[in-house]
Each structure stands twice: as C-alpha cells, then as structure tokens.
Amino acid sequence: MKEIKIALVGQPNVGKSHLINSISGATLHVGNFSGVTVEKKEVEFERGGYKLKLIDLPGTYSFHSYTPEEKVTKDFLLNGEYDLILNVVDSNQLEKNLIFSWQIADLGKPMAIAFNMYDEYSRQGGEIDTDKFFKLTIIKSQNVSAKEKFGLEELFEKVIETYEEKNTPRIYYSETIEEEIENLKSLIKDCKFDKRFIAIRLLEEDEDIYKIIHEKPWYVDLLSQIKSSKHRISIEYDNDDVKEVFFEERLALSKGIVSQIAKKARRETLSEKIDKILIHPLLGLPIFLFVMWAVFQATFSLGAIPMDYINSAFVAFGNWFGNLLPNGLIKQAVIEGIIPAVGAVVMFLPNILILFLGINLMEQTGYMARAAYVMDGVLKRFGLQGRAFIPLVSGFGCSVPAYMAARTLKNPKDRLITMLVIGFMSCGARLPIYVLLVSAFFAPSIQGDVMFAIYIGGALTGLVVAKILRIVLFKGEPEPFVMELPKYRFPKLKALLFDLWVKTKMFLQKAGTFIALASLAVWFLSSFPRTDIVKEYSVKIAQIKSEAKKAVLEEKMNREILENSYIARIGKLVEPITKPLDLGWREDVSLLAGLAAKETVVSTMAVLYGVGNTNESSKGLIETIRKTMPFTAAVAMIIIVMFYSPCIAAMSTFYAEIKQWQWRLFYTVYPNVFAYVAALLAVGLIKFLS
Amino acid sequence: MENGKLNRLNELNIGESGIIRKIYAKEPLKSKLLSMGFARGERVKVLKHTLAKNTFDVDINGVNVALRGEEASEIEVEKSEK
C-alpha cells in the first residue's frame, strides 16, 4: 500500500494533539526527535487505499525559529522527508494563524489546511467558505472539529486529493515584492528547495537558508542582487526591516482573505469574564497559591497512600522472585540491591502521576499561562520565568517530578537555570534527616523555627543562585516573556489519560534501567569485601538456637560488613576533606549513601552508630549522636544535606533531560562544592562566635 | 483624523487602547511579537496588568497575549480615545 507522509504543522494551542487523538483506527507511536527532548508523535492509519502517516511537529508561531520546539519543526520542514503539509489552524484566530500558513506555503510543497475548532466558531455565528479559500490560495481546506469529531474524514479526502494532484499553494505578495522575488529567482540555480522559497527567505534574512546555500557556486552572484532587492523594498515600504515588511504583508494578506472567506464570529467573552477573577491584580496571586497548594496536597498526601502498597508489592515480589533464584551472590544482589532500590523509585510514581495530572489540567484548561503571568513579576527578579514556579515548588516534594515538570519551560536557558536550582528546594526524603539532627541539637522551643529556616533558607538560596547563574553563566539579554493566554477550555479525558500513560512509560523506562544499575553498584560497594566476616559469623550463628539472638548477631555482622566495606573505605578516605567541618567517617558514609537515596542517610547513621535499624523518631539514635557528634558537625551536616547533590534517581532524571555533557558535569559538581563551602562558612562562624 | 499622543504600550492603563505605530524591539523578540500579531497599524488594548505593572495582559486582534513591562515598552502606540 502506498504511504503518504504528512507533516502536521500549526501554531501552539490550535488543537493538533486533539486532532491526532480523534482519528479513528489509528496507531500511535511516541518517541523523541533525535538529540532533543522534544516529544515526537507519529500516527498511522488507512484511508482511500493509502496508508497515511502523520508526523506531529511541535507548535510553532513562526518560521523564524525561537524555541527548541520551533527549531525542530523548521528543521523537519526543511530537511525532513514528507510528501505533504497539513496545517492546522484555529478558526477563532484565523488572521494570526494564517500568517504562519503563508510562511509554510512559501515552501512550495503540497499543502492542505484544517480549520479546527470550527464547532466553537460556528456556534458564535462564524462561517468559513473553503471553496472560496481554494480559489484564492489553491489550498484545499476543510472545516473540522477534533473535539466533536466532524469534518475529519472529509479532511483526509482532501489530503489525498492534494497528494494525488500534487497541489501546491499559490500565495502572492504585493507587486514590488513579487518583482524582487523574480529578480532573485533568475539567479538561483540548482537547489533542493523551491527557488521562490529561497528568494523569499533570503529577503527575510533567514540564517538557516544562508547556511544551506552559501557554499553554492551561484551564491556570490546573488549577493549584490539581494542587497539591491532589499534596498528597493525598504524604500518602497519605508521600513529598514524587510522581515517586518514580510510580516506586515502576510498579515495584510490574511486580513484580505479572511474578509473574503469568513463570516466573523461574535466575540467570545467567557474567557475574559473568568480572567477578571483568576488574574485579578489583587486576587490573582492568592488564587494561584491556593491552586498550587491543592495540587501539592493531592500530590503528596494522596500520592502517599499507594506508596505502602507499592512497597509491599515489591517486597512480596522480591520474596517470590528470591525463591526462584538459587542461593548465592546473584540472588543477594537482586533481592537486596536491585529490587528494593527500584521499588523505592517506583514508589514515586503515584506522586509523579498526580502532579502531572495537575499540571496537564492546568495546561489544557489554559490556566498554566495565567499562572506564569501571575508569578512572572516575582521570579523575574531572580532571573527566572513565571512558569518556573511549578517545577521549583515540585522540588519540595521530590526532585524527580520537578525536573520533568521543568519541561513546561520552553526556553532552554530558563529551563536549565531552573533545573540547576531545583535541588536547593529540600525534597520530602530529606525531612527525616533534618528531624533527626534538629531534635538532637536544638532546644524543643526553637525546633520548629529551625525547620522553617532550613526550608526557606534553601529556597531563597536557590533563587539567589539562579540570579547568579543568570548573571555569570548566561550573560546578555534576558529572555523575553511574550506568551499567548489561550482561551479557557474544558480538558479532554482521553488526552489527559494518554499523556499520563506516556509519562509513566518513559519514567519507568528511563529511571528504571539507570536505577537498577546504580543501585547494584551501591549495594556492591556497601556489601563487599566480606568473605572473612561472613565466614566468621556464620559459624557463630550456626551455634546459636534462639532466633532473637540470631537476629542480633546478623545485625552485628551487617554492621561489621558495612564498617569494612568499600563505601566505608571511601568514607574514611574523604574524612580529611570533611575534617574542617567536624564530620567523622560515619557522617561521611551516611552522606555518601544519601547520594543513592536520601532515605538511607538516617538508616546508615543508625547502622554505623550501632543503634540498629531504627527510624528518625527513635530516641536511641538521637541520644547517641547528641553525645558523640559536635554541634558544629550537626550544623555542617544539615547544610550539606540542604545543598549537595540529590539522589541518583533525581540525577539520572536530570541527565535524561539535559543532553549536554558540560551541563551534566556542572550539575554533578557545583552543588557539592557549594554545600561544602557553605558548611565551612557556617562552622567557621559558629566557632568564631563562641 | 486627529493625531493622538504617542505612548509606549506599558504606559497605558487598564481598559485603554491604542494603534501600534512602531516596534523598537530587536531580534528575536521582534519576530516573536510580530508572529503574535503586534504589527504597525494594529489596535492593542490593555486588559489587565499586575499590581506593580510588571506583567501585562493585552488584546491584539482577538488574541490574549501576556508580556512583561520591558517588552511592552518596546512597542510604541498612538493612544486612542475610548
């Protein structure tokens, strides 16, 4: 069967993904565009004897690429393999959307248009005459509603017709511009692109096109003509910026055509009415904070409920699986190393899903853009963007979903800065460590204040560091903040669920494989070498009858293994480095174990201090460390936990999201240096004051 | 037609509107603004701004766009009565 490859293009918020989800009998593949974390969706289905393959390109406002998403789209349209362009347009914003349509029509490829959201538009009295549109532009189009599933089949008929007839658009600009396009065209020789397209893009100073053609032998002859053409256009339009001239041309074209093909809809005022309350100058912020509070409550209290089930499911699975394996090293590695660690990560899945459900709801209803609007003024002072609020606050729960939530930031610099400071928002797993140290070393009357100071101090430091990063590492103009506030819309259940499913799959794949390996390594480092110890104790254990005493002895054996393990040796190795902080090797090892998972810091301390497997509220450990650890060490440890690298799960998520090695390296090193210096300063200050 | 006063967009108050006369922004902001529909001759209306006028919500050709005061100051408008 013959395949038609279709590039699906449109501005953001035109309902492209809606459209994809509404095609019946389609199979969907989700992946990434190579080299970037931009989601790539492909849909395949059969119509009219053809296999239609839709490639969903990221929403783009214009052909002058700006965000990574827009670069992906432009790159695909220029260099990708496709037979036809299907441009999705929001019927309610014809004029703005068509500006982009004319830009891609210039490519000279077969193209069809879907006037989407036609249901909304026609309800408000709007009408579009697609026959007339064809006469004016030679583009076949169809009024559709992805939401109410009408017009889709007719749309695909027109797509197939466009393909069979090799029907390319004919869009003409004003006379002067057309003359200059002709002048340039005559000098453009062999090239894989349409000559008219090249001429237009050269006039618009498109650097990507310059890069492609500047090695052609005929390029030199072109230069003077480009210059004189631009000069003539500048004079004719009284504007030095030819790019702007083209924008205005296209806008005028849009207006002209829209006035001929469309009956205007009545103004929709519902969104304005909702906005009167939701982004009210005074009420906007409190409302937003309440919404966030609700989302996080749901994330971390509702999400905590299945945690125990997941945990016991993993324990049960471990036991069951353990029985299948022969006794020995592999069994231990799997049962003690891999399964509990993977389980500890999968436990976060409910949190992640609920948080993402909240974020998706905010995105789909259109509230997210409003949230960014409300928060931007505050975050701007720290060199961050309004949208950064959500990942930052998620960081207080868990860094893993926070890093993923940073995807809502479209600008790579904004995203990177935000992700670099997320770790400073103390995650939930660090709470037990703070509780332990604070209750051991501070008077009960000020413990609450100290806890509060830890959280606020971490967050403020994060914001200040963001500002510093912005100034030092990302010099130059701050990124502009210009963002469409889309109409409020009801979310679609199918789209919500599908997105959650995709996120789940990616999370399990990425974190799962990496975590399994990393936890295996940590398990190995903390369990070996041990042959001699095991030999010694197994003899003793075998002699004892009482189960209780056996357990005590086993615990002692485990402690001894840990004390002699490679990780303990590493701890002793770094002891000189942490000496100025008054930290001993037990604290060092605990902190190192914290790199695997923050939950293990307290349990490792407990094991190393010989108070057994205990939890943070246990009096024994508190008493012991109060006696043995100096106050300065406790402060140093709190500060290090506040700032040093998050756990392996979080770090691997960061690595998965950020591809550049230099940033991965920076991310791995700088929080630890920062933590060390901060702790050193604090310890020095305490000693100086006393 | 009477010539109105020239203002920067961030100088307008809630409910006021004007016709865009010039965009001073440099690339890439300029392209971004243009693709959102901020072109010369278009009417733009300030729907809302945050308390400190940090961020603006404006209507341009039926499209709601949020932008910062800094970005709004790059757009020159001719204030129109009502």
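Every heavy atom of this structure was used, including side-chain atoms; hydrogens, water molecules and symmetry mates were not. None of these values were measured; they are calculated from a predicted model.
- A centroid separation of 6.0 Å or more is found between the aromatic rings of A:F115 and A:Y121.
- Counted by atom type alone, A:S62 and B:S35 present zero donor-acceptor pairs between their side chains at under 3.5 Å.
- Considering only heavy-atom pairs separated by less than 4.5 Å from chain B, the leading option among A:E244, A:E95, A:Q93 is A:E244.
- Within 6.0 Å of NZ in B:K53 there are more than 12 heavy atoms belonging to other residues, nucleotides or ligands.
- The most heavy-atom pairs under 4.5 Å with chain B, out of A:D241, A:N239, A:L485, come from A:L485.
- With a 4.5 Å cut-off on non-hydrogen atoms, A:N92 does not touch chain B at all.
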For this session: Test A:D208 against A:K74 for salt bridge (charged side-chain N to carboxylate O under 4.0 Å, His left out), laying out the working first.
Result: CA-CA 9 Å; A:D208 296 320; A:K74 184 174 182 181; 2.7 Å; yes
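- By number of non-hydrogen pairs under 4.5 angstrom with chain A, the leading residue of B:K26, B:E42, B:M36 is B:M36.
- Without hydrogens or angle criteria, A:T176 side chain to A:I233 main chain gives no donor-acceptor distance under 3.5 Å.
- Put simply, of A:P281, A:A369, A:G386, the one with the most heavy-atom pairs under 4.5 Å next to chain B is A:P281.
- Side chain of A:T73 to main chain of A:P58: a donor-acceptor pair is present (N/O by atom type, distance under 3.5 Å, no hydrogens or angles).
- Between the CD1 atom in A:I209 and the CD atom in A:E207 there is a gap of 11.5 Å [rounded to 0.5 Å].
- Within a 6.0 Å sphere centred on CG of A:D238, other residues, nucleotides and ligands contribute 12 heavy atoms or fewer.
- Looking at B:E27, only its side chain comes within 4.5 Å of chain A, counting heavy atoms on both sides.
- No side-chain donor from either of A:Q11 and A:D90 sits under 3.5 Å from a side-chain acceptor of the other.
- Contact tally against chain B (heavy-atom pairs below 4.5 Å) for A:D275, A:L285, A:L282: the top residue is A:D275.
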For this session: Begin from the C-alpha positions of B:E74 and B:K30 and carry the test salt bridge (charged side-chain N to carboxylate O under 4.0 Å, His left out) through to its verdict.
Result: CA-CA 9 Å; B:E74 303 277 327; B:K30 189 167 186 178; over 6 Å; no
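- Per-residue heavy-atom pair counts under 4.5 Å with chain A were compared for B:L33, B:I60, B:V65, B:N64, and the maximum is reached by B:N64.
- If you measure heavy-atom distances from A:E484 to chain B, the contacts under 4.5 Å come from both the backbone and the side chain.
- A:Q103 does not touch chain B: none of its heavy atoms, backbone or side chain, sits under 4.5 Å away.
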Exercise. Do A:E120 and A:R489 pass the salt bridge (charged side-chain N to carboxylate O under 4.0 Å, His left out) test, and can you show the C-alpha distance, the side-chain angles, and the key distance before you say yes or no?
Worked result: CA-CA 11 Å; A:E120 251 174 55; A:R489 291 204 164 87; 3.0 Å; yes
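- Applying a 4.5 Å heavy-atom cutoff, the residues of residues 374-382 of chain A that approach chain B are A:D376, A:G377, A:K380, A:R381.
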For this session: Kindly determine whether B:E78 and B:R21 satisfy salt bridge (charged side-chain N to carboxylate O under 4.0 Å, His left out), including the steps that lead there.
Result: CA-CA 7 Å; B:E78 188 179 320; B:R21 288 297 172 220; 2.7 Å; yes
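- At a 4.5 Å heavy-atom cutoff, A:R250 makes no contact with chain B through either its backbone or its side chain.
- When the candidates B:L67, B:T50, B:L34 are compared by the number of heavy-atom contacts under 4.5 Å with chain A, B:L34 comes out ahead.
- A salt bridge does not link B:E76 with B:K22: every distance from a Lys NZ or Arg NE/NH1/NH2 to an Asp or Glu carboxylate oxygen is 4.0 Å or more.
- Heavy atoms of B:A52 lying under 4.5 Å from chain A are absent altogether.
- A:L251 touches chain B through its side chain: at least one heavy atom from C-beta onward sits under 4.5 Å away, while N, CA, C and O do not.
- Using bins of under 30°, 30° to 60° and over 60° for the plane-to-plane angle, the ring pair A:H64/A:F247 lands in the tilted bin.
- For the options B:D57, B:N61, B:L47, heavy-atom pairs under 4.5 Å to chain A are most numerous at B:D57.
- Interface summary for chain A: among B:G37, B:A66, B:A25, the most heavy-atom pairs under 4.5 angstrom belong to B:A66.
- Heavy atoms of A:E204 lying under 4.5 Å from chain B are absent altogether.
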